[in-house]
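The structure appears right after this line, and notes come after that.
Atom set for the values below is all heavy atoms of this structure, side chains included, hydrogens, waters and symmetry mates excluded. Start at 1 and go down the list; that is how both ligands and their atoms are numbered. None of the values given here were measured: they were computed from a predicted structure.
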Amino acid sequence: MNDVKLAVLGGEGTGKSALIVRFLTKRFIGEYASNLESIYNKNLCLEGKQLNLEIYDPCSQSQKAKFSLTSEPHWADGFVVVYDISDRSSFALAKALIYRIREPQTSHCKRAVQSAVLLVGNKQDLCHVREVGWEEGQKLALDNRCQFCELSAAEQSLEVEMMFIRIIKDILTNFKLKEKRRSSGSKSMAKLINNVFGKRRKSV
Ligand SMILES: Nc1nc2c(ncn2[C@@H]2O[C@H](COP(=O)(O)OP(=O)(O)OP(=O)(O)O)[C@@H](O)[C@H]2O)c(=O)[nH]1
């Protein structure tokens, strides 16, 4: 069974818990405990594979203080970064979060497989008080090699489910890429050893 670890990050009150609860239960209950951080577990079958999905939902306080974005990039295989389309400051935070996720990946190694990141503009039902344009979200995502969607946890159960499936599929694709790189790396090492020692044997 594959373990898939997903962190749902974003500003306070952007709807992180609402999205996760919607995905897990198909329900929108309106108010969610925000003083607890949680890891939810779900078993699911995708592309013929059994998956053990863990979803990390930070509480706003710990996100600011304890984690401050240093732990999640190491723990998670992928990220959903949420902002509220009716709150510009939450978009600024989403941008900072994306930069922080991408930062260690650009400075480390160019060949490394980049984490799957999906930027979500939540609360689309509040588009009459919209402060962040769809194009702005799309551009931020494109510029940082992220997927993007706008939706409403309050009103769109299917879209929320599709959004989670999309990021999980991206994570699985990354697993395959990493595996391919590992095996081609060990093949080229074997080839190198064979070349060196094979040649020596011939010359003896
Ligand atoms: N109109 C609308 N309200 C939403 C939507 N999603 C969440 N909310 C509301 O936004 C508020 C915050 O939702 P939460 O899910 O607690 O947000 P959160 O990001 O987990 O909040 P913290 O844990 O405090 O950071 C709640 O009152 C939700 O009912 C949505 O799609 N539309």
Side-chain angles (χ1 to χ4, degrees), residues 4-42 44 53-101 115-138 140-141 144 146-168 171:
V4 174
K5 294 185 170 70
L6 183 62
V8 179
L9 307 177
E12 203 172 328
T14 49
K16 300 179 294 294
S17 304
L19 287 163
I20 296 169
V21 171
R22 186 58 118 169
F23 175 58
L24 297 176
T25 69
K26 301 199 189 320
R27 296 210 186 110
F28 180 76
I29 49 179
E31 293 308 320
Y32 308 84
S34 62
N35 56 346
L36 292 173
E37 63 179 24
S38 318
I39 293 186
Y40 298 88
N41 269 285
K42 183 181 171 78
L44 71 160
L53 175 66
E54 289 180 70
I55 307 179
Y56 172 62
D57 180 7
C59 81
S60 301
Q61 285 87 344
S62 74
Q63 214 178 328
K64 274 187 214 136
K66 187 170 134 228
F67 280 93
S68 64
L69 289 177
T70 49
S71 313
E72 291 101 338
H74 301 291
W75 178 84
D77 302 308
F79 302 86
V80 173
V81 176
V82 187
Y83 67 92
D84 170 353
I85 66 151
S86 68
D87 173 10
R88 175 151 294 277
S89 66
S90 74
F91 186 64
L93 183 63
K95 198 182 270 187
L97 284 163
I98 289 177
Y99 291 167
R100 287 296 286 273
I101 293 166
S115 298
V117 181
L118 200 160
L119 176 67
V120 175
N122 188 34
K123 309 197 187 182
Q124 204 190 32
D125 54 294
L126 300 181
C127 61
H128 50 287
V129 284
R130 180 191 280 278
E131 288 185 1
V132 184
W134 184 91
E135 297 77 13
E136 291 178 83
Q138 169 79 340
L140 175 61
N144 294 281
C146 305
Q147 302 262 22
F148 173 66
C149 70
E150 272 192 5
L151 45 67
S152 163
E155 293 186 351
Q156 296 177 312
S157 185
L158 187 64
E159 281 76 359
V160 172
E161 188 179 347
M162 297 311 291
M163 179 275 282
F164 276 98
I165 298 294
R166 194 166 152 196
I167 182 76
I168 296 164
I171 292 172

- [ ] Run through K123, Q156, R130 and flag the one making a side-chain hydrogen bond (donor to acceptor under 3.5 Å, both in side chains) with E150.
- [x] R130

Open item on the list: Is the contact between L151 and ligand 1 made by the side chain, the backbone, both, or neither, using heavy atoms and a 4.0 Å cut-off?
Closed with: neither

- [ ] Mind checking ring-ring contact (aromatic ring centres under 6.0 Å, His included) for F28 and listing every partner two or more places apart, or none if nothing turns up?
- [x] none

Open item on the list: Below a 4.0 angstrom heavy-atom separation, can you tell me which part of V82, side chain or backbone, both or neither, approaches ligand 1?
Closed with: neither

Open item on the list: Run the side chain to side chain donor-acceptor pair (under 3.5 Å) test against D87 and tell me which residues pass, sequence neighbours left out.
Closed with: S89

Task: Side-chain donor or acceptor of N122 paired with backbone N/O of D84 under 3.5 Å - done: no

- [ ] Could you list the atoms of ligand 1 found under 4.0 angstrom from a heavy atom of S152?
- [x] 31 (O)

Open item on the list: Show the atoms of ligand 1 that are less than 4.0 angstrom away from any heavy atom in N122.
Closed with: 5 (C), 6 (N), 31 (O)

Open item on the list: Below 30° counts as parallel, above 60° as perpendicular, anything between as tilted: where do the rings of Y83 and F148 land?
Closed with: parallel

- [ ] Considering the heavy atoms of E31, write down every atom of ligand 1 situated less than 4.0 Å from one of them.
- [x] 27 (O)

Task: Presence of salt bridge, K16 and D57, under 4.0 angstrom - done: no

Task: For ligand 1, the portion of D125 having any non-hydrogen atom under 4.0 Å away - done: side chain

Task: Cation-pi geometry met for K42 and F23 (6.0 Å, 45°) - done: yes

TODO: Heavy-atom contacts with E12 under 4.0 Å: which atoms of ligand 1 show up? List them by number with element.
DONE: 24 (O), 25 (O)

- [ ] Check each atom of ligand 1 against the heavy atoms of G13 and keep those under 4.0 Å away; list them by number with element.
- [x] 10 (O), 12 (C), 17 (O), 18 (P), 19 (O), 21 (O), 22 (P), 24 (O), 25 (O)

Open item on the list: Within ligand 1, which atoms have a heavy atom of A18 less than 4.0 Å away?
Closed with: 6 (N), 7 (C), 15 (O)

Open item on the list: A153 versus ligand 1: do any nitrogen or oxygen atoms come within less than 3.5 Å of each other?
Closed with: yes

TODO: For Q138 and W134, indicate whether the former's side chain and the latter's backbone hold a donor-acceptor pair under 3.5 Å.
DONE: no

Task: Enumerated ligand 1 atoms positioned under 4.0 Å from heavy atoms of L126 - done: 1 (N)

Open item on the list: Would Q124 count as a polar contact of ligand 1, with the cut-off being nitrogen or oxygen pairs under 3.5 Å?
Closed with: no

Task: Whether G30 lies under 4.0 Å from ligand 1, heavy atom - done: yes

Task: Smallest separation among heavy atoms of Y56 and E37, with atom names - done: OH-OE1, 3.2 Å

TODO: Check each of Q156, K123, K16 against atom 11 (C) of ligand 1 and report the one with the nearest heavy atom.
DONE: K123

